[in-house]
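Throughout, residue positions are numbered sequentially from 1 according to the sequence presented. A quick note: this is a predicted structure, and the numbers were derived from the prediction, not measured.
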Amino acid sequence: MPICMQVDLSKYHGTLVRIELQEAQKRAQEKKREQQEEAIARQRVKEQIARDKAERQSKAKERQAAEFNSTASTQQARQVSMGSTAQKQYTECRLQIRLTDGSALRSTFKPTDTIQTVLDYVATNRTDSSGAFALTTYPGRKDYGPADAMVTLKDAGLVPSSVLIVKKT
């Protein structure tokens with residue numbers, strides 16, 4: 001005859017439930033710890049991205065500043081070189097005046113002489129024809145006539161030398 005043992009499972013049932021509950025809690029804690037580690041890793045990546053972005057912006061600003069300073073120093077050098085040319089005091093102004101027949105008059109004037117002085121010189125020494133005339137710079141950038149009579153040669157930009165063309169008016 002077989003012997004059957006009857007085991008009281010109620011004693012073990014509480015223990016099994018406790019073990020399963022502990023395992024479930026361990027799994028939940030493990031999952032929570034993994035989520036926290038992932039969140040920390042994401043935060044580190046975001047911070048690294050922010051640092052990289054800030055570094056790129058900083059380098060871009062430095063490049064722009066260097067380009068600006070380079071441009072500014074180039075402009076200053078130009079101004080200094082132009083300033084040294086503009087500051088040079090010329091004592092004479094050489095003019096070549098082309099007449100309507102193709103001949104030329106050449107003369108030296110003072111930078112402080114006026115356009116009227118040149119107009120009078122041309123009127124006196126002209127060999128091509130007589131009549132009203134004006135002077136123009138080559139290639140026709142500026143006309144000088146009686147209205148400009150009081151402008152100095154220096155202020156007119158004709159110093160240190162220039163070519164003027166006589167044109168009939």
Side-chain angles (χ1 to χ4, degrees), residues 1-98 108-115 118 134-165 167:
M1 214 152 165
I3 299 177
C4 283
M5 287 180 57
Q6 212 174 18
V7 179
D8 186 12
L9 293 177
S10 62
K11 293 180 189 176
Y12 298 108
H13 181 66
T15 306
L16 287 174
V17 169
R18 271 193 310 251
I19 291 174
E20 286 177 3
L21 184 61
Q22 287 174 351
E23 288 177 7
Q25 286 175 345
K26 284 182 184 178
R27 284 192 303 267
Q29 287 176 351
E30 182 68 26
K31 188 174 181 179
K32 186 176 181 180
R33 185 183 57 78
E34 288 174 1
Q35 287 175 345
Q36 288 175 343
E37 287 175 357
E38 287 175 4
I40 291 171
R42 277 193 304 273
Q43 184 62 31
R44 285 184 191 146
V45 169
K46 287 179 182 178
E47 289 171 355
Q48 183 63 42
I49 290 170
R51 283 192 301 270
D52 291 346
K53 184 178 180 181
E55 184 178 337
R56 283 192 309 273
Q57 288 175 344
S58 173
K59 285 182 181 180
K61 285 181 182 178
E62 287 174 6
R63 263 188 264 116
Q64 287 176 346
E67 288 173 8
F68 177 76
N69 289 339
S70 172
T71 303
S73 65
T74 303
Q75 288 175 348
Q76 286 176 347
R78 282 187 199 145
Q79 289 174 353
V80 167
S81 68
M82 290 172 67
S84 64
T85 304
Q87 292 174 357
K88 187 169 181 177
Q89 298 297 320
Y90 293 100
T91 58
E92 58 182 34
C93 174
R94 295 180 185 258
L95 294 180
Q96 180 180 27
I97 300 138
R98 299 268 182 184
T108 302
F109 298 90
K110 294 179 185 173
T112 56
D113 287 342
T114 62
I115 296 292
V118 177
L135 299 173
T136 185
T137 58
Y138 181 78
R141 290 178 285 176
K142 175 76 174 139
D143 290 339
Y144 300 103
D148 302 304
M150 298 312 295
V151 177
T152 66
L153 299 178
K154 183 178 180 182
D155 292 340
L158 301 174
V159 175
S161 64
S162 294
V163 175
L164 296 172
I165 301 168
K167 71 177 192 176

Chemist: Can you name the salt bridge (Lys or Arg N to Asp or Glu O under 4.0 Å) partners of K167, sequence neighbours left out?
Modeler: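 Per chain and number, K167 pairs via salt bridge (Lys or Arg N to Asp or Glu O under 4.0 Å) with D143.
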
Chemist: Might you confirm whether atom CZ of R44 has over 12 heavy atoms from other residues, nucleotides or ligands at distances under 6.0 Å?
Modeler: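 Not more than 12 within 6.0 Å, no.
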
Chemist: Starting at CD1 of I115, measure out to CE of M150 and round the result to the nearest 0.5 Å.
Modeler: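 If we round to the nearest 0.5 Å, I115:CD1 and M150:CE are 11.0 Å apart.
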
Chemist: Once side-chain contact (heavy atoms from CB on, under 4.5 Å) is applied, do any residues pair with T108, and if so which ones, sequence neighbours excluded?
Modeler: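 Expected list: E92, R94.
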
Chemist: Locate the shortest heavy-atom distance separating D148 from K142; write the atom from each residue and the value.
Modeler: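 For D148 and K142, the tightest heavy-atom pair comes out as OD1-NZ, 4.2 Å.
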
Chemist: Could you list the residues that satisfy side-chain contact (heavy atoms from CB on, under 4.5 Å) with R42, not counting sequence neighbours?
Modeler: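 Checked R42 against side-chain contact (heavy atoms from CB on, under 4.5 Å); matches are E38, A39.
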
Chemist: Testing the basics here: between Y144 and A156, what is the closest heavy-atom pair and its distance to 0.1 Å?
Modeler: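 Between these two residues, the closest heavy atoms are OH-O, 3.0 Å.
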
Chemist: In Å, rounded to the nearest 0.5 Å, how long is the span from CG of L164 to OG1 of T137?
Modeler: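 The OG1 atom of T137 is 7.0 Å from CG of L164, to the nearest 0.5 Å.
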
Chemist: With sequence neighbours left out, write down each residue that passes side-chain contact (heavy atoms from CB on, under 4.5 Å) with K59, or none if nothing qualifies.
Modeler: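 K59 satisfies side-chain contact (heavy atoms from CB on, under 4.5 Å) with E55, R63 only.
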
Chemist: Would you mind writing out the side-chain donor-acceptor pairs for residues 21-29 within the sub-3.5 Å range, not counting sequence neighbours?
Modeler:
none

Chemist: With sequence neighbours left out, what residues match E20 under side-chain hydrogen bond (donor to acceptor under 3.5 Å, both in side chains)?
Modeler: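 So E20 forms no side-chain hydrogen bond (donor to acceptor under 3.5 Å, both in side chains) with any residue.
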
Chemist: Taking C-beta and beyond as the side chain, do L158 and V118 meet within less than 4.5 Å on heavy atoms?
Modeler: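 Of all side-chain heavy-atom pairs linking V118 with L158, none is under 4.5 Å.
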
Chemist: Quick one: ring-ring contact (aromatic ring centres under 6.0 Å, His included) partners of F109, sequence neighbours excluded?
Modeler: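 Residues passing ring-ring contact (aromatic ring centres under 6.0 Å, His included) with F109: Y121.
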
Chemist: Is it true that a side-chain atom of T114 and a backbone atom of T152 form a donor plus acceptor pair closer than 3.5 Å?
Modeler: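 Checked: no pair found.
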
Chemist: Listed by chain and number, what are the side-chain hydrogen bond (donor to acceptor under 3.5 Å, both in side chains) partners of E62, not counting sequence neighbours?
Modeler: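 So E62 forms no side-chain hydrogen bond (donor to acceptor under 3.5 Å, both in side chains) with any residue.
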
Chemist: If the condition is side-chain hydrogen bond (donor to acceptor under 3.5 Å, both in side chains), which residues does S162 pass it with, not counting sequence neighbours?
Modeler: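 Counting only residues at least two positions away or on another chain, S162 forms no side-chain hydrogen bond (donor to acceptor under 3.5 Å, both in side chains).
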
Chemist: Nearest 0.5 Å, what's the CD-NZ distance between Q48 and K46?
Modeler: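 One finds 14.5 Å between CD of Q48 and NZ of K46.
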
Chemist: Between Q36 and R33, is any side-chain donor less than 3.5 angstrom from a side-chain acceptor?
Modeler: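 No, no side-chain donor-acceptor pair sits under 3.5 Å.
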
Chemist: Checking V163 now: which residues fulfil side-chain contact (heavy atoms from CB on, under 4.5 Å) with it, not counting sequence neighbours?
Modeler: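 Result, side-chain contact (heavy atoms from CB on, under 4.5 Å) vs V163: Q96, R98.
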
Chemist: Just to verify, what does E34 make a side-chain hydrogen bond (donor to acceptor under 3.5 Å, both in side chains) with, not counting sequence neighbours?
Modeler: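 For E34, no residue satisfies side-chain hydrogen bond (donor to acceptor under 3.5 Å, both in side chains) once neighbours in sequence are set aside.
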
